[in-house]
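Here is the structure we will look at.
For the single chain, residues carry numbers from 1 onward in sequence order.
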Amino acid sequence: MAKRNKKNSKINQRIKKYFDEDPFDVGIERVESKTLSELFSAIGIYDIEHNRDLMIKTLRMIWSEADSAIRSDILQFFENEAKVYKGDKLQEYHHYDREAKIESLLSELEVTPLEATRLREAFSTIRSKKITIEKMESKLRHIRFEMKKEALEKELEGFFDIDDSFEFNASLKYNLYDQQFHKILTLNTKPYSYEFIEQQDFEAIVKKIGSDKLEIVKTKQESIDNFIASIKEPHQYLSHEEIINSLRASPPKTPLSYPLITPKVLRNIISKKISATEIQIHDEELLISVIQELQLPYSDGVISYNLELHVELDGVLEEIWKAQGFNFDHLLVDLKKEHENTFLEELQGLVKECESYAHLLHYEKEELYIKVYGFLLDQLGVNLTITPKVYRKTIRRFLYSIQDELVKKQRQELLARTIRDFKNLFPIARDMQRKLTLHIGPTNSGKTYTAMQKLKNADTGYYLAPLRLLALEGYENLNAMGVDCSLITGEEQLINDEATHISSTIEMLNFDVDVDVCVIDEVQMIDDRDRGWAWANAIIGAPAKEIIMTGSPNAKEAVIALAEYLGEELEIIEFERKNPLEVLTYPISIEDIEPSTAVVAFSRKDVLKLKQRLSKNFSVSVVYGNLSPEVRREEARRFREGETQVLVATDAIAMGMNLPIKTILFSKADKFDGIIQRDLFPSEIHQISGRAGRYGLEEKGYVGALSREVLKVIKRNFDKEAKKIATPFKVMANLEHIKLVGAILEENSLEEILNFFIQNMQFNGPFYAASLDDMLEASKIVDSYNLDIATKYHLACAPLTLKSPYIISAYETYIHALEKGDSVVYQRPRLNGEYAQTSQELLMAEDMVKEISLYLWLSYRFSEYFVDIDKAIESRAILNQYIEKTLQKTELSQSCKLCGAVLPTNTKYTICEACFRKNYVKKGFRRAPRS
């Protein structure tokens with residue numbers, strides 16, 4: 001062990017020369033990736049992934065654990081390269097101080113001028129405070145040892161190898177076939193100990209090593225003579241000329257026990273023993289490539305492939321020189337069997353997975369294998385290896401090929417069942433042993449964070465968000481945590497072929513792709529009048545081994561009821577808020593608002609009014625539902641990073657926006673919910689209030705109001721328990737359901753089918769059909785065009801703002817083009833100036849962004865027709881910038897309701913002076929201010 005450590009120590013010292021005197025673990029960081037790859041090849045490691053960090057980590061491990069032979073190979077690689085990888089060490093000492101100290105210590109030692117020079121060189125880069133007499137004496141001993149070795153090498157005409165054996169060249173005689181020649185060979189004595197070289201007299205060492213050299217030469221000559229005498233005559237494989245040429249060409253130093261035969265001759269001999277397509281000769285092995293055939297299971301087909309045999313070169317040379325009857329048959333049979341068994345196991349796994357996707361189609365084994373061969377064999381090339389990439393690609397092709405057949409079969413299966421049992425509309429989920437987990441708690445309690453950590457650690461997973469903005473954040477967070485993730489929303493798809501996870505808006509859940517974990521965020525949204533069906537559908541049908549739902553406590557009984565209906569295990573984990581939330585005792589006037597405050601209103605109009613008032617004293621960000629997610633995100637960023645002091649927002653901030661809000665102030669305590677004007681529910685107050693005092697951003701949050709009346713309502717409802725969500729739940733007619741009903745009714749009118757669904761469908765379970773008012777309005781438009789039912793359904797599901805004539809006009813233009821089969825080009829918006837002058841111009845810009853959302857949504861369903869995706873995305877960025885610049889202005893003017901002219905700032909009237917004179921003065925009307 002001591003001897004080995006001494007060898008390793010010497011190697012460690014020698015390799016520092018190539019790393020600017022840094023140790024191997026430090027210096028290897030500076031070697032470029034290409035050189036690292038060459039190093040692995042040099043030391044005989046070929047199956048390493050050529051990733052720089054992985055290569056460096058592996059080399060450090062090899063250097064740490066390997067014996068001196070491997071370390072010697074690594075050292076030899078860098079010696080052959082002869083390149084020094086410079087470090088960036090800082091000189092932390094004074095040059096003159098170091099030199100003075102070196103000279104002072106030299107005066108205390110008895111050294112020759114040459115020894116003194118070498119000592120100066122040895123300590124020329126060492127900080128002066130680290131130079132001591134003890135270190136100098138130790139270095140002097142080493143220098144004298146090296147100088148003695150140098151003198152011995154010169155005297156004995158050779159050099160000491162890394163193991164301190166003496167390497168020298170000797171002329172050896174070859175006498176055969178009446179020919180005689182000499183050949184210089186490199187020989188080595190046995191290793192000499194450090195003590196022997198250091199302590200023995202120079203002449204005694206010369207005598208000893210000289211004697212050993214003679215003995216080695218003598219022994220080697222006898223070995224050569226014996227080898228020549230053993231060569232059979234005539235030789236089975238080699239002619240006289242080939243034998244002589246091989247002995248002459250054999251390298252002076254080789255790890256092989258037998259002389260290397262010239263490559264051309266060696267290939268000729270091997271080619272007679274095995275039918276090889278290629279023979280590569282390496283330092284210690286042969287790589288022989290042969291073509292083999294495999295009978296494919298469940299098929300008459302035969303596949304040819306390339307098989308590589310790795311054969312020990314020394315063993316082949318022994319058999320050739322000894323004229324033995326060697327062959328590769330046994331090795332070929334064993335390797336072929338091993339290689340083909342591995343392939344057949346991989347093939348069986350691939351077919352089994354394909355079978356699991358196609359289980360409804362009940363393929364026979366032979367039919368299934370032949371179908372898989374059709375997608376697999378053209379990807380294999382000459383190698384019989386199913387790589388992960390080939391595996392995934394084959395699965396994708398197989399799935400694509402059976403899609404139509406599978407849909408047809410699924411439809412038949414659904415018709416065979418009763419369509420009233422809603423849970424059976426999701427066959428993949430029903431076939432899985434799913435576990436349901438519910439994380440409930442108030443805002444800022446860590447429930448979603450805990451769920452996302454579980455999702456991050458899963459092999460595959462889904463994150464289902466209530467908003468496109470949150471889906472994008474989930475996508476970015478997962479990728480930032482090192483998880484390959486794709487983004488899928490109604491209008492945007494960022495697909496990563498290597499992705500194991502998907503972040504999407506909840507409506508975009510793919511019920512045909514099973515995963516390990518699915519996180520359903522904001523589960524209390526199951527009670528939402530317009531979108532609640534999406535949460536119900538996801539909980540019932542998400543194809544995941546574990547469904548993790550996060551939401552407020554009032555969703556608890558609803559989820560329990562769903563779990564009981566589904567007959568699935570449910571675990572409930574309750575979370576507590578991480579920091580306190582306090583209701584202020586008095587209202588805060590606008591003039592007394594402090595930075596880090598969010599003021600909440602419940603309409604776009606009120607938000608813009610408050611923004612205009614607050615802008616007199618503060619920099620302000622605004623967030624409301626009509627803004628695009630990109631603008632909302634940018635406005636939130638400005639507030640988060642301190643570019644603005646106050647945030648004015650609708651209840652759009654209540655869902656998932658993590659902002660440094662210290663205080664939430666309600667401007668009103670009532671809202672229009674699309675049907676009536678009503679007071680805020682306790683659950684809405686809780687959700688909005690919870691955005692104050694975010695954990696990690698503020699130690700405590702405060703909730704208040706701008707007026708005494710509003711504060712009373714907030715105080716009265718703040719501590720009330722939110723109304724529990726009760727059954728039944730809304731569920732949505734999916735496309736397959738619509739097709740089934742349409743087929744039964746033999747009806748192509750989407751409006752008629754939807755009405756039938758609403759009026760007649762009763763479910764076995766706690767469900768009823770979701771409100772389809774908006775979809776019904778859209779169906780009236782699409783039914784006037786000659787389109788198939790699937791196209792009508794997709795168009796009716798598109799994101800529409802039915803109150804906007806601009807959006808409806810664009811929508812009808814798109815449908816008309818689809819009917820005609822024409823490409824749908826996108827027309828760039830025309831903007832006046834860099835920002836909006838009036839709130840009407842701002843509203844138009846917001847509608848233009850919604851039009852782009854509609855265009856992009858349709859482009860992902862009708863990609864062959866909506867051809868201007870890039871132009872639409874580019875225009876969305878321009879519009880978002882236009883809106884963002886507008887929102888950063890302190891004031892917005894109103895425009896005349898009749899002619900559109902810009903009205904004076906703070907005017908009390910809704911029409912301009914010219915329109916008033918033209919339309920009202922002559923009729924005797926008095927001008928009234930706007931309400």
Examine the side chains of Glu546 and Thr437 and answer whether a donor and an acceptor come within less than 3.5 Å of each other. yes
For Ile440 and Pro553 the tightest heavy-atom approach is CB-CA, 4.2 Å
- Query: Looking just at side-chain N and O atoms, do Thr644 and Ser621 make a donor-acceptor pair shorter than 3.5 Å?
  - Reply: yes
*Do Ser804 and Asp847 meet the criterion of a side-chain donor-acceptor pair at a distance under 3.5 Å?*
yes
Check: Can you find a pair of side-chain heavy atoms, one from Thr505 and one from Arg531, that are under 4.5 Å apart?
Finding: no
Honestly, is Arg604 close enough over Phe602, meaning NZ or CZ under 6.0 Å from the six-membered ring centre and within 45° of the axis? no
Exercise for the section: Flag yes if more than 12 heavy atoms outside Arg708 fall under 6.0 Å of its CZ atom; otherwise flag no. Expected result: no
| message | Just by distance, no angles: are the side chains of Tyr806 and Glu851 close enough, under 3.5 Å, to form a donor-acceptor pair? | response | yes
Any side-chain heavy atom of Ile520 within less than 4.5 Å of one from Thr550? no
| query | Under 6.0 Å from the six-membered ring centre of Tyr702 and within 45° of its axis: does the NZ or CZ of Lys662 meet both? | reply | no
To the nearest 0.5 Å, atom OG of Ser504 lies from atom OH of Tyr462 at 5.5 Å
- What do you reckon, is CD of Glu576 surrounded by more than 12 foreign heavy atoms closer than 6.0 Å? no
*Which class fits the ring pair Phe511 and Phe426: parallel under 30°, tilted 30 to 60°, perpendicular over 60°?*
tilted
